[in-house]
Amino acid sequence: MTHLHEVDLAPLAPERFEGVLGPDWEEFKAAIASGRQLFRGRTIWNVNSTAKGGGVAEMLRSLLAYAEGGGVDTRWVVISGNPEFFRVTKRIHNNLHGAEGDGGDLGAAERAVYEQALEPNATEMVELVEEGDVVLLHDPQTAGLSTPLKEAGAVVLWRCHVGLDTPNDKARAAWSFLKPFLETSDSFIFSREAFVWDDLPDEKIQIVPPSIDAFSPKNQDMAPAQVTAILAAAGVVRDGVGGEAPTFVRVDGSEDRVDTPADVVGGPVPADARLVVQVSRWDRLKDPLGVMAGFVEHVAPASDARLVLAGPAVEEVADDPEGAEVLQEVIDARERVSEEVRERVHLACLPMEDGEENAALVNALQRRADVIVQKSLAEGFGLTVAEGMWKARPVVASRIGGIQDQIEDGKSGLLLDDARDLKAYGAAVLRLLEDPETAESMGRAARERVRTDFLGARHLMQYLDIIEKLLR
Ligand code: UDP
């Protein structure tokens, strides 16, 4: 193979879920057994355009490892393309989000670029796939493989991980570009109802929300002393009790330590401080300036809490040129805050050299938070919300995108009707800070919500159900 690249999957035992699924474990166990039976003699292929970087690759790595570990022949293949192809597919991606992207067209010339780049990938893929195999194509980059794979006798599902609440002309233009390539697909899978395109056959549409991996360094259990040790080792929180080692468990099962310092504007947080935390890329759509202004104006005067805005060390994220600019805006805005409140606002840039170490640090920070905030102005799903909820934290977040599917307002967190209403945001945060009982019960409900709806087990069972119906 010269165009396709196969990603090695290290199988993981689905039995791992037994501890977290509780009563639902039996259902998952039965589903795995039925999947093994159903897929005997068939291979389940997943095709996307990158093996690392981004939520889709992270999710595939974990889900496919459990499928493989459950005895289903699962394979993951990554396509390749030339720079023009990726320029076109990035444009499609941006347009699907309703954004201009580079402002270019999606016309006949772009269609030719797209088709030509996919052709050799399709030829190789058709060689690999046997009649009766199942192929899950992920995102716009792979849509053009649907017809050749159908002709080769495969069952083809197309999974779209992008979408927006209210589609605009840009999004519709991207749909029109992709639709002809997908006419042959057996199924279209979207993350939420609102993301479904117009004019697709109803009977082929499926809704499957994303999921998080409960056992990854980002979400694995951590004892409070371990949380303290990790945050102290990275210099995010001043050393408190001490003693515990700042350890976490890597994906491969080995143990390692957090030892790379974060860069914290405002210095480390005092060991006993109460914290309001938002973890996000430095992106205007995550509204870091609003999170800070709302805290300064409406939370700080009425409480002793501190704010931590955490994001990646910007020089490390090469594909996010705006990150450094946005971080600078936040630093400048912090400088304008009165001195006594300013010292209660901390900007933590988390080291990115080692993705798993970064994840362990995010994990510890989310666990240390008294209130987690996700005051985004736009959001597809909002993984940070599910991550915070899984840690039984009370989350205050905007009522947009997939966040609305995660938080049941007033039960498993608090939703903000208007993400720009700083007073309402401040009041919601204060309410949770002042009422630990409510905060705790919301956190408990939040964890339960993620346990039943947003873990990999649910995700795998939904895929199984959809494929089973197609094969019948
Ligand atoms: N994230 C991280 N380190 C950081 C900032 C963010 O690992 O310094 C992670 C965060 O934990 C989440 C993901 O990046 O898993 C962001 O996904 P989300 O859906 O919240 O937003 P997106 O960045 O995709 O818009």
Side-chain angles (χ1 to χ4, degrees), residues 50 52-59 61-62 93-94 96-99 139 161-164 191-192 195 209-214 216-220 230-231 234 236 248 251 258 260-265 277-288 291 308-317 319-320 322-324 326-327 330 346-369 372-391 393 395 397-398 400-407 419 450 454 456:
T50 176
K52 61 167 179 249
V56 175
E58 206 173 301
M59 212 149 52
R61 191 171 294 280
S62 138
H93 174 93
N94 281 318
L96 285 176
H97 274 298
D139 282 333
H161 295 271
V162 241
L164 74 174
S191 292
R192 59 191 315 256
F195 294 176
S211 59
I212 60 167
D213 182 347
S216 67
K218 177 82 55 74
N219 298 306
Q220 65 194 215
I230 287 176
L231 293 173
V236 177
F248 66 100
V251 175
V258 169
T260 315
D263 186 5
V264 187
V265 177
V277 174
Q278 176 165 300
V279 177
S280 289
R281 289 177 296 106
W282 302 103
D283 185 315
R284 292 187 186 94
L285 292 177
K286 309 290 182 184
D287 199 22
V291 173
V308 178
L309 285 172
V314 288
E315 61 279 12
E316 304 293 339
V317 188
D319 68 349
D320 192 1
E322 271 177 24
V326 173
L327 173 61
V330 181
H346 305 257
L347 312 177
C349 296
L350 311 180
M352 294 292 290
E353 292 86 352
D354 175 341
E356 295 187 34
E357 183 189 38
N358 173 277
L361 198 43
V362 169
N363 188 344
L365 192 53
Q366 288 169 331
R367 284 179 195 280
R368 177 63 178 70
I372 287 182
V373 173
Q374 193 60 57
K375 210 183 79 56
S376 303
L377 305 176
E379 200 67 74
F381 179 69
L383 280 172
T384 51
V385 172
E387 291 161 8
M389 290 171 77
W390 176 242
K391 285 144 199 156
R393 302 290 82 207
V395 182
S398 315
I400 52 168
I403 294 176
Q404 308 162 80
D405 304 331
Q406 301 179 59
I407 294 180
V450 174
F454 299 106

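As the structure lists them, so they are numbered: ligands from 1, and atoms in each ligand from 1.
Atom 12 (C) of ligand 1 has its closest protein heavy atom at Glu387 OE2, 3.3 Å. At the shortest separation from atom 21 (O) of ligand 1 among protein heavy atoms lies Lys286 NZ, 3.1 Å. Here the heavy atom of the protein found nearest to atom 16 (C) of ligand 1 is Thr384 CG2, 4.4 Å. The shortest contact between atom 9 (C) of ligand 1 and any protein heavy atom is with Lys218 NZ, 3.6 Å. For atom 18 (P) of ligand 1, the closest heavy atom belonging to the protein is Leu383 N, 3.5 Å.
Panel note: side chain Gln406, backbone Phe381; a donor-acceptor pair is recorded below 3.5 Å. Between the side chain of Gln278 and the backbone N or O of Lys286 there is at least one donor-acceptor pair closer than 3.5 Å. The main-chain N or O of Ser376 is found under 3.5 Å from a side-chain atom of Ser398 such that the two form a donor-acceptor pair. A side-chain donor-acceptor contact under 3.5 Å links Lys375 to the backbone of Ala419. A donor-acceptor pair under 3.5 Å links the side-chain atoms of Trp282 to the main chain of Pro312, judged by distance alone. Asn358 places no side-chain N or O within donor-acceptor distance of the main-chain N or O of Met352, the cut-off being under 3.5 Å.
Under a 4.0 Å criterion applied to the non-hydrogen atoms of Val279, ligand 1 contributes the atoms 5 (C), 6 (C). Atoms of ligand 1 found under 4.0 Å from any heavy atom of Gly311 (numbered from 1 in listed order, with element): 8 (O). Residue contact check: Val362 has heavy atoms under 4.0 Å from atoms 2 (C), 3 (N), 7 (O), 11 (O) of ligand 1. Which parts of ligand 1 touch Glu379 is read off a 4.0 Å heavy-atom cut-off, strictly below it: atoms 21 (O), 25 (O). Distances below 4.0 Å separate heavy atoms of Pro312 from the following atoms of ligand 1: 4 (C), 5 (C), 8 (O).
Taking a distance limit of 4.0 Å, we find that atom 24 (O) of ligand 1 is approached by no protein heavy atom. Contact annotation for atom 14 (O) of ligand 1: protein absent (non-hydrogen atoms, distance under 4.0 Å).
Looking only at atom types and distance, the side chain of Thr260 has no donor-acceptor partner in the side chain of Glu353 under 3.5 Å away. Under 3.5 Å, the side chains of Lys391 and Asn219 contain a donor-acceptor pair of N or O atoms.
Looking only at side-chain heavy atoms (C-beta outward), Asp283 and Val326 stay at 4.5 Å or farther from each other.
When non-hydrogen atoms are compared, ligand 1 lies under 4.0 Å from the side chain of Asn358 (C-beta onward) but not from its backbone. Residue-level proximity to ligand 1 for Gln374 is absent, since no heavy atom of it falls below 4.0 angstrom. If you look at Leu285 next to ligand 1, there are no close heavy atoms at all, none under 4.0 Å.
Here's the thing with Gln366: none of its N/O atoms is less than 3.5 angstrom from an N/O atom of ligand 1. Considering backbone and side-chain N/O atoms, Ser280 never comes within less than 3.5 Å of an N/O atom of ligand 1.
For Gly55, the closest heavy-atom approach to ligand 1 does not fall below 4.0 Å.
Under the rule for a side chain to side chain contact (heavy atoms under 4.5 Å, CB included), the partners of His93 that lie at least two apart in sequence or sit in another chain are His97, Val162. In this structure, the side chain to side chain contact (heavy atoms under 4.5 Å, CB included) partners of Arg192, at least two apart in sequence or on a different chain, are Asp165, Ala194, Phe195, Gln404, Asp405.
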